[in-house]
Amino acid sequence: MNDESLHGSGSTAPPEDLLHYILTERIPCISSNVPLTKDLALQHLLVEWDVEPPDTPNDFSCQTQDMRTVTCTWSQGGDTYLYGRHSPKYTISEEFSQNMVPCTVSCSEQCLCSWDIGQQRICNITVTVENPLGKKTAMDIFDVTHRIYPTAPFQLWEECTDTEIILETLNKGIELFCQTEALQPDGKVELHNNSDTHLHYASITLGGLQPYTEYTARVHCGAAKHFWRWSEWSKARTIRTKEATPSGKLNIWREIMLVLGGRNVTLFWKQAPSFRANGRSILYEVTWEIVEDGSKPEHISFSSVHNSTRISIGNHPYRISIMAKNNVNYSLPSVLIIPGATGNSRKLKEQVNGTDDGIFISLEPRHTYDSYIIDWCNFPMLQPCDLQWKRFGPNTSSALIDSAAFVLGVRYNFHIYGSVANRASLLEKTGYLRELPPLLDPIVEKVELTFNAVTLSWDSYPTNESQSGFVRGYHVYVLPMQEDCNLKGSLKIYYF
């Protein structure tokens, strides 16, 4: 006899014919006064070799994928420490047909057994597990139509528009309820239930999608009439919605330079947060025309890599529009009205203060304006100066302008425009993130003395953008000649 086949490698196992050995040899040697019974032999076997009767099959359950083949599964329980021909044996029977089920049980993590039930719809299945120490049973009574576990959808067809994806999958003669998991571009996952069920196919519509956007979807299904459980997920599919007209408008602005005989207008545009290209490729089309003139508009187009252009116009008022275009259509136009060169726009330069977070600008909201635009140059001493702009609503009373390009001691000019019907009026403000002391001392060029007065003359200190702060005036300090001439201890007698 091979002990390892009974009790596992490295263990001491009982002989092959367990009960015969215990009853005829082992028990008589223990005590001649002990009755030789089968129960005593089994009790001795349990103590002597630590073997166990089988556990009741746990989680016994049966289901079908096509209403013809039934598969039952269960957990086999703890180790009995009996192997070979003494290991647990499983049999399955069906009560209503009074037949043993013709299937072969296989066990790994779980035990399972599958067989063809033909046209039978109500089943009473019993699984029996047995070893030399005993047997246990488990039972499952069910209606086959209530235990449908569909196969994972393997044939998917899709149709799509710019905002919808329709997925269809074939059914094997079972009406299914399906669910789609859709991965959004922002990483969120949404679940969509099918909108239509049929005996031979299921249809699912994913609505409210973004045009020309990739979505990753997978589908699982369950029985529509008597839901039992979901199938496994289908393979994920990546689907792109169709193109659509660009949505929203471009955010546009301009810079105007007077030249001989007219003006050069530099136009800038960028995609606002609400703008979506909705297509594979984007072009920008710029159109300009004289207001109320009736002359033919001029056009120019640019590829998506451009965000500015310069056009030359006369001294008349002009209407300028910029649109984005994809393979479907144009976006709504963004419009600017450039007033005539002789038009007077109100200008008032005010000083503003910098903070640790940026440059603070106060506004005086007026009901006549429908929006405000603030523009400035990130590098005011360079050309081009990297013009920037921000738009604000009509009720804005202040704005904090910040930029990584701002440095201490550099003057920034802010143009604030009140806009109504695409026409802008200017209010100019200027300021520093933080002022620094003057770079040079004033040079005194002339001194005139009288018996009771001194007259000093110097060139005016420059006050342009090259200064590191605003020049607010001059201080004159007086100190007796016999003492060192320095500011400490001096008498400040004049301020200009």
Side-chain angles (χ1 to χ4, degrees), residues 161-163 185-186 208-213 241-256 263-292 296-311 313 317-339 345 363 365-376 378 384 386-396 399 401 403 414-426:
T161 66
D162 55 339
T163 59
D186 59 4
L209 307 180
Q210 296 287 351
Y212 199 68
T213 302
T241 51
K242 291 185 177 180
E243 296 183 71
T245 299
S247 56
K249 295 181 179 181
L250 297 171
N251 184 358
I252 68 173
W253 194 233
R254 84 292 185 276
E255 186 178 37
I256 303 173
R263 293 164 291 176
N264 286 338
V265 179
T266 303
L267 299 168
F268 304 89
W269 59 86
K270 57 187 175 183
Q271 296 183 3
S274 61
F275 178 86
R276 284 187 56 86
N278 293 339
R280 181 182 297 106
S281 59
I282 281 287
L283 296 176
Y284 299 109
E285 183 164 303
V286 179
T287 303
W288 64 100
E289 59 184 330
I290 300 175
V291 175
E292 299 176 354
K296 186 177 180 181
E298 298 184 65
H299 305 268
I300 189 170
S301 295
F302 299 92
S303 68
S304 60
V305 299
H306 293 83
N307 61 5
S308 67
T309 187
R310 176 178 292 179
I311 62 173
I313 62 174
Y318 276 78
R319 180 184 186 275
I320 299 174
S321 69
I322 305 179
M323 296 181 290
K325 181 183 184 300
N326 62 15
N327 293 330
V328 177
N329 209 336
Y330 288 93
S331 69
L332 294 173
S334 298
V335 178
L336 291 173
I337 303 296
I338 307 297
S345 59
L363 304 174
R366 295 178 174 87
H367 296 301
T368 54
Y369 297 135
D370 53 36
S371 66
Y372 292 92
I373 304 99
I374 300 178
D375 73 16
W376 71 94
N378 268 341
D386 188 22
L387 183 73
Q388 302 292 313
W389 74 96
K390 285 188 176 181
R391 293 181 177 270
F392 301 89
N395 298 320
T396 302
I401 307 299
S403 171
F414 297 90
H415 303 100
I416 304 172
Y417 297 85
S419 177
V420 57
N422 301 312
R423 299 174 184 266
S425 301
L426 173 64

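Because the structure is predicted, anything quoted here is derived from the model rather than measured.
No side-chain heavy atom of N278 sits under 4.5 Å from any side-chain heavy atom of T245. Contact annotation: the side chain of L336 never approaches that of R319 to less than 4.5 Å [non-hydrogen atoms, C-beta and beyond]. In this structure, the side chains of W253 and L387 come closer than 4.5 Å at one or more pairs of heavy atoms. Between W376 and K390 there is a side-chain heavy-atom pair separated by less than 4.5 Å. Side-chain contact between S419 and D370 is present, with heavy atoms from C-beta onward closer than 4.5 Å. Looking at I373 and I416, their side chains never come closer than 4.5 Å, going by heavy atoms from C-beta outward. Looking only at side-chain heavy atoms (C-beta outward), L283 and F302 stay at 4.5 Å or farther from each other.
Taking OG of S321 as the reference point, atom CG of L332 lies at 11.5 Å (rounded to 0.5 Å). N395 contributes atom CG, which lies 11.5 Å from atom OG of S371 (distance to the nearest 0.5 angstrom). A distance of 7.5 Å separates OG1 in T161 from CG in L209, rounded to the nearest 0.5 Å. Put simply, CD1 on I337 and CD1 on I320 are 8.5 Å apart, with the number rounded to the nearest 0.5 Å. The distance from the CD atom of E298 to the CD1 atom of I313 is 10.5 Å, given to the nearest 0.5 Å. The line from CG of N251 to CG of N307 is 12.0 Å long, rounded to the nearest 0.5 Å.
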Original post:
How far apart are the C-alpha atoms of T213 and R276, what are their side-chain angles, what is the distance that settles it, and do they pass the side-chain contact (heavy atoms from CB on, under 4.5 Å) test?
Top reply: CA-CA 11 Å; T213 302; R276 284 187 56 86; 3.1 Å; yes
**OP:** Determine, stepwise, if the pair D375 / F414 fulfils side-chain contact (heavy atoms from CB on, under 4.5 Å).
**Re:** CA-CA 6 Å; D375 73 16; F414 297 90; over 6 Å; no
Subject >> side-chain contact (heavy atoms from CB on, under 4.5 Å) evaluation trace for K249 with F275 >> reply: CA-CA 6 Å; K249 295 181 179 181; F275 178 86; 5.9 Å; no
Subject >> R263/Y318 under side-chain contact (heavy atoms from CB on, under 4.5 Å): CA gap, chis, key distance, verdict >> reply: CA-CA 11 Å; R263 293 164 291 176; Y318 276 78; 4.2 Å; yes
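Each side chain to side chain donor-acceptor pair (under 3.5 Å) pair with one or both residues in residues 323-337, not counting sequence neighbours, appears once here: E243-N327, E285-Y330.
The aromatic rings of H415 and Y417 sit tilted relative to each other, their planes meeting at an angle between 30° and 60°.
Looking at every heavy atom in both residues, I252 comes nearest to V335 through CD1-N, 3.9 Å. For the residue pair F392 and A399, the shortest heavy atom distance occurs at CZ-CB, 3.7 Å. Pairing each heavy atom of M323 with each of L250, the nearest pair is C-CD1, 4.1 Å. The nearest pair of heavy atoms linking P394 to Y369 is CB-O, 3.6 Å.
A donor-acceptor contact under 3.5 angstrom links the side chains of N378 and S403, judged on distance only. No hydrogens or angles considered: nothing links the side chains of T396 and R391 as a donor-acceptor pair under 3.5 Å.
Surrounding CZ of R310 are at most 12 heavy atoms belonging to other residues, nucleotides or ligands under 6.0 Å away.
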For residues 267-274, please give each side-chain donor-acceptor pair under 3.5 Å, one per line with the distance, not counting sequence neighbours.
from	atom 1	to	atom 2	distance (Å)
W269	NE1	H306	O	3.2
K270	NZ	W389	O	3.3
Q271	NE2	Y284	OH	3.2

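Judged by distance alone, the side chain of T241 and the main-chain N or O of Q210 form a donor-acceptor pair under 3.5 Å.
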